[in-house]
S.K.: 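The structure's right below; bear with me while I get my questions together.
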Amino acid sequence: MPFDDEMCSAEECMIDKSWTSDEKCAYIKCNQDSCEGGGYLTWSMYVKCQYNIGVRVILIILGIIYLIILFVIMSSIADDFFCPAISGIVSHLRMSESIAGVTFLAFGNGAPDVFSSISSVLTTPKPKADLALGDLFGTSIFVTTVVLAIIIFTKSFRVAIIPTLRDLIFYMITLAFIVFCFLKFDKIEVWMPATFLGIYGVYVVTVIIFGIYRSQRKKRNLKKKNRESGDLSRPESAASTVPIYGEIKKKEESISVSALFHFMIGYSQFLKNLTRANQKRKVGNDNNDTRQGIVNMGFSGSLDSDAPPKIQRIFQQNTFETDLESLDTLDETEDSGDEGREEEFAYAHHTVFTSHDQISLAATEIEEIHLTTWKSWDWVWDLFNHLKSWPSKEEFGEMNILVKIVAIIKIVPVFFFKMTVPSNEMSWCKPLFILHCFASIQFALFAIQIITLQPFSGSPGLWLYGLGVSVILALVAMYFLPLSKEPKYYKEVYSYLGFLMSIAWIYATSNEIVSVVTMIGVVTGLSMELLGLTIMAWSNCIGDIVADIAVVKQGFPKMAMAAAIGGPLFNLLIGFGLPFTIAAAQGKEIELLINPVYRILLLFLGISLVTTFVALFIQRFTVRWPHGAVLIFIFVAFLIFICLAEFHVLEWK
C-alpha cells in the first residue's frame, strides 16, 4: 500500500507485523531518518528489502560481525591514538592533574559513550533519543554496579573520602534533575541539557577549589611537621607532592635499628625502580620486552623478625602512596592525608599510567632509518615501518587466543589509522607527513559525510577542494620541512591533529554502530532503550572493566573507584548535555516520555548510588566484599525488572 506523508515522517520506526514484505521495505525507504542510524551502510533496508530468508539471515549475521569489528575499531582508536593525543595536549598546556582528570582525560576515557550519544541524536533529522539515553543510563548503572563490584571483589581498600563523596553527591544531584525533567515535561527544552553543562562546569570548579585546598593543607602540614621534628626528611628524589614526615614516635613497641635500616634500603630501591619506570618504556630482561607504566616494584629487602607489626605493614604495601601514608599509622592518627588526595590515571596501550605525562613513555618502537636523500629507497622502508600494523612474530607468539583474534582484526583498521591519524608517539617521518596531508583531509570530509557536498550549484564536491589544500600543504612540506631531523613543535602539532582525526574516526565509527544497532531493533522489534542499555552500553564498558582491574592490580584501587563513579558522571553530563543542547538549539523536537524502561533505569541507578553512599559510612569508608555483593544483587534485580518491562512494552505495541 502507498504511504502518505504522515506515515513517511514517523518519529519512530514502527513496523506492523501484518504488513507484507514489500510494504515493510517501502516503509523503511520512506522513513530512513527513523529506521536507519545515519551511517553510510543502510542495514535496515538491506535486511528488510531482501526477500530471500537465507540471504536475510546471512545479512543479519554479517551485521553482527561488523558490529563486533566496529567495537574493536572504537576501542583501538580511543586507546592507541585518542588518549595519547589528549595526553600530549595536556602536557603542552601544562594543566594540573585534577583539572586534566575531569576534562581532557575524562573525555578520552568517555569518548565512545559521548560520541555514541552525539551520533544517535545529531546524525539524522529524527534524533534517536531513546538509544542515546538508554546507552548513557545503561552505562551508568552497569559501571556503578558490576564494574564497581568487580573492583571491590579484587581488593578491599579505604577510599579517598572527599573526592568519592563529591562525585556521588554530584551524581545524585544530576539524577534528581533528570527525574524532575521526566516528571514535569514531555519534551526537551534548550535549558534542560544546558543545565547539565552548567552542572559539569560547577563540578570542574569544585575540583579546582578542592585542589587549591589540598595544596594549602599540604603546605600547612609540611610547616607543622618541620617545626615538630626534622629527624627524618624525604629523599631528594621523592615526588614533590609527598609531604615530609617527621619523627616516628613510639607508642606501643620499639622499632629495631635493623628494621629501620632495611626500611631505608628498601625505600631507596623503590625510588630507583620508580625513576627507571618513569624514564624508560621498556625494561630489558632475559625474557621478551614488555610495555611498562608506573609499575609497583615494592620493596625487595627482607625484614628482621623483630620488626613490629606496624613496620611490617609498611613493607607489605604495594604502592608509593600507601607506603608513605602508612607512616602516619605510627602516629596513630586518623587523618592519613588521603581523604582529599585525588589520583588520576590514563589507560592506553593496554597499560595503566598514573598521570598523563607517562603515556608518552609507551611510544611505539619503530626501527629508525636515517634518511639523507629522496633518491634512495630508504624513505619507502621508513614509511613502511611507520605504517606497519601487525605485531612481530615474537609478540604474536606470546598472545593468548583471544588477543590474537583481536590483533588480526586490528591489522587493517590500524593501517588506516596510521595513514590518516597523526600520532605524537611516532618518530618523525616526512613521507608519512606528506601522506597525511592527503589522506587525513579526505577522511575528515568522509567521516562527517560532506565529501560529495557541493558548496554551490554546479560546483565540484568538497573532495576536490580538499585535494587542492592537500597539494599546497604537501608542497610546503616538501620544500620547508627537513627529511631526517624532527621539526620543532612536531609533537605538539601532532597531538592536536591526532586529537581531531581521532574524533573523526570515533564519530564515523559511532554512526556505523548506531546503524547496525538500529537494524537489530527493526528486525527483532526490541525498543531502542533496551538496545542502548545492553548492546551499546555493555560493549562500551568492556574497556572500563579491563582498565579498572588493571588499576587495582597495579595497586591503585582509589583511582579505579574514582573512575567507576566519576567516569559515568562525566558521560552523563556531557553525553546528555552537549548533543541535546545542539539538537534543541537546531529546533529538533525530542520527546521526553518516562516509559517503564526509563522508570526502572532511573530507579535502580538511584538505588545503586544511594547504596554506595550509605555503605561508605557504614563501613567507615573502607569498601569490602558485602558491598560488592549487594551491588551485584541490584544489577541482577535490574535485569529481571527490565526484561519484564520490555516484554510488557512489546505486548502493548
S.K.: Sequence neighbours excluded and cut-off under 3.5 Å, please list the side-chain donor-acceptor pairs for residues 572-587, or say none.
M.R.:
| from | atom 1 | to | atom 2 | distance (Å) |
| --- | --- | --- | --- | --- |
| Thr581 | OG1 | Ala194 | N | 3.3 |
| Thr581 | OG1 | Gly577 | O | 2.4 |

S.K.: Does a donor on one side chain sit under 3.5 Å from an acceptor on the other, for Asn511 and Tyr40?
M.R.: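 Short answer, no.
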S.K.: From Ser44 OG over to Lys29 NZ, what is the distance, rounded to the nearest 0.5 angstrom?
M.R.: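 The NZ atom of Lys29 is 13.0 Å from OG of Ser44, to the nearest 0.5 Å.
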S.K.: How far does OG1 of Thr524 sit from CD1 of Ile60, to the nearest 0.5 angstrom?
M.R.: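 Going from OG1 on Thr524 over to CD1 on Ile60, the span is 9.0 Å.
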S.K.: Donor-acceptor check, side chain of Glu36 to backbone of Met45, threshold 3.5 angstrom: yes or no?
M.R.: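 Side chain of Glu36 to backbone of Met45, a donor-acceptor pair under 3.5 Å: yes, one is there.
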S.K.: If we only count heavy atoms from C-beta on, is the Pro193 to Ile188 side-chain gap below 4.5 Å?
M.R.: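 Contact flag for Pro193/Ile188 side chains = yes.
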S.K.: Taking atom NZ of Lys404 as the centre, does the number of heavy atoms from other residues, nucleotides or ligands within less than 6.0 Å exceed 12?
M.R.: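 Yes, NZ of Lys404 has more than 12 neighbouring heavy atoms, counting only those of other groups under 6.0 Å.
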S.K.: How close do Ile634 and Ser608 get, counting heavy atoms only, and between which atoms?
M.R.: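 In this case the closest contact between Ile634 and Ser608 is CD1-CA, 4.3 Å.
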S.K.: Mind checking the OG-CD1 spacing from Ser470 to Ile441? Nearest 0.5 Å is all I need.
M.R.: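 Answer rounded to 0.5 Å: 3.5 Å.
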S.K.: Quick one: are Pro568 and Phe142 in side-chain contact, heavy atoms under 4.5 Å?
M.R.: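 Side-chain contact under 4.5 Å: no.
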S.K.: Just by modelled atom types, is the Gly498 backbone N or O under 3.5 Å from a matching donor or acceptor in the Asn424 side chain?
M.R.: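 Flag not set: sc Asn424 to bb Gly498 has no pair under 3.5 Å.
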S.K.: What donor-acceptor contacts under 3.5 angstrom involve side-chain atoms of residues 67-74, with partners at least two apart or in another chain?
M.R.:
none

S.K.: What's the spacing between Leu601 CG and Leu133 CG if we round to 0.5 Å?
M.R.: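 With rounding to 0.5 Å, CG (Leu601) is 9.5 Å from CG (Leu133).
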S.K.: Side chains of Ile451 and Leu462, heavy atoms from C-beta outward: is any pair under 4.5 Å?
M.R.: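 Contact flag for Ile451/Leu462 side chains = no.
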S.K.: Closest approach of His386 and Met426, non-hydrogen atoms and distance?
M.R.: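 That closest heavy-atom pairing would be O-CE, 3.4 Å.
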S.K.: Between Thr145 and Ile632, is there a side-chain heavy-atom distance shorter than 4.5 Å?
M.R.: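 No, every pair of side-chain atoms sits at 4.5 Å or beyond.
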S.K.: How would you list, by chain and number, every residue that makes a disulfide bond (SG atoms under 2.5 Å apart) with Cys25, sequence neighbours excluded?
M.R.: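 Applying disulfide bond (SG atoms under 2.5 Å apart) to Cys25 gives Cys49.
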S.K.: The criterion is side chain to side chain donor-acceptor pair (under 3.5 Å); which residues satisfy it with Trp505, sequence neighbours excluded?
M.R.: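 Side chain to side chain donor-acceptor pair (under 3.5 Å) check on Trp505 returns Thr420.
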S.K.: Minimum heavy-atom separation for Glu425 and Asp80, please, with both atom names.
M.R.: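 Where Glu425 meets Asp80 most closely, the heavy atoms are OE1-O, 4.2 Å.
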S.K.: Measuring from Ser389:OG to Met419:CE, what's the distance to the nearest 0.5 Å?
M.R.: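 Reported value, rounded in 0.5 Å steps: 9.5 Å.
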S.K.: Can you tell if the side chain of Ile408 reaches within under 4.5 Å of the side chain of Phe396, non-hydrogen atoms only?
M.R.: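 Answer yes - side chains close enough.
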S.K.: Show the nearest heavy-atom pair for residues Leu432 and Lys418, with the distance to one decimal.
M.R.: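 Closest heavy-atom pair between Leu432 and Lys418: CD1-O, 3.8 Å.
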S.K.: Would you say Glu23's side chain and Thr20's backbone share a donor-acceptor pair under 3.5 angstrom?
M.R.: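 Judged by distance alone, yes, a pair lies under 3.5 Å.
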S.K.: Please report the interatomic distance CD1(Ile141) to CG(Leu639), rounded to the nearest 0.5 Å.
M.R.: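 Interatomic distance, Ile141 CD1 to Leu639 CG, rounded to 0.5 Å: 8.0 Å.
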S.K.: Can you confirm whether Phe416 is buried at CZ, in the sense that more than 12 heavy atoms of other residues, nucleotides or ligands lie under 6.0 Å from that atom?
M.R.: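 Counting neighbours around CZ of Phe416, 12 or fewer heavy atoms of other residues, nucleotides or ligands fall under 6.0 Å, so no.
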S.K.: Within the structure provided, determine whether Leu531 and Ile520 are in side-chain contact (heavy-atom separation under 4.5 Å).
M.R.: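 Leu531 reaches Ile520 side chain to side chain.
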S.K.: Indicate the atoms forming the closest heavy-atom contact of Leu569 with Asp167, along with that distance.
M.R.: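 Nearest pair, atom of Leu569 first, then Asp167: CD2-O, 3.9 Å.
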S.K.: Give the intermediate values and the outcome of side-chain contact (heavy atoms from CB on, under 4.5 Å) for residues Tyr27 and Cys35.
M.R.: CA-CA 9 Å; Tyr27 178 81; Cys35 294; 4.0 Å; yes
S.K.: Does the side-chain contact (heavy atoms from CB on, under 4.5 Å) test come out yes or no for Val516 and Ile64, once each step is laid out?
M.R.: CA-CA 7 Å; Val516 180; Ile64 295 174; 5.9 Å; no
S.K.: What are the two closest non-hydrogen atoms of Tyr46 and Leu59, and how far apart are they?
M.R.: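 In this case the closest contact between Tyr46 and Leu59 is O-CD1, 3.4 Å.
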S.K.: Quick one, Thr144 with Leu609, criterion side-chain contact (heavy atoms from CB on, under 4.5 Å). Give me CA distance, side-chain angles, the key distance, then yes/no.
M.R.: CA-CA 7 Å; Thr144 56; Leu609 294 176; 4.1 Å; yes
S.K.: Checking ring-ring contact (aromatic ring centres under 6.0 Å, His included) for the pair Trp390/Phe415: CA distance, chi angles, key distance, verdict?
M.R.: CA-CA 9 Å; Trp390 55 89; Phe415 175 79; 8.3 Å; no
S.K.: Go through the structure and list residues passing ring-ring contact (aromatic ring centres under 6.0 Å, His included) with Phe177, not counting sequence neighbours.
M.R.: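 ring-ring contact (aromatic ring centres under 6.0 Å, His included) check on Phe177 returns Phe196.
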S.K.: Between Thr612 and Leu168, is any pair of side-chain heavy atoms under 4.5 Å apart?
M.R.: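 Yes; the side chains approach each other to less than 4.5 Å.
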S.K.: Check the pair Val414 / Ser76 against side-chain contact (heavy atoms from CB on, under 4.5 Å), numbers first and verdict last.
M.R.: CA-CA 8 Å; Val414 171; Ser76 179; 3.8 Å; yes
S.K.: Quick one: ring-ring contact (aromatic ring centres under 6.0 Å, His included) pairs with a partner in residues 588-607, sequence neighbours left out?
M.R.: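 Matches after skipping sequence neighbours: Phe182-Tyr598, Phe604-Phe638, Phe604-Phe641.
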S.K.: If we only count heavy atoms from C-beta on, is the Leu41 to Tyr66 side-chain gap below 4.5 Å?
M.R.: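 The answer is yes, as the side chains (C-beta and beyond) meet within the 4.5 Å cut-off.
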S.K.: Could you walk me through whether Tyr171 and Ser140 pass the side-chain hydrogen bond (donor to acceptor under 3.5 Å, both in side chains) test, one step at a time?
M.R.: CA-CA 10 Å; Tyr171 213 145; Ser140 297; 2.8 Å; yes
S.K.: Check whether any side-chain N or O of Gln50 sits under 3.5 Å from a backbone N or O of Asn52 as a donor-acceptor pair, and report yes or no.
M.R.: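 Judged by distance alone, yes, a pair lies under 3.5 Å.
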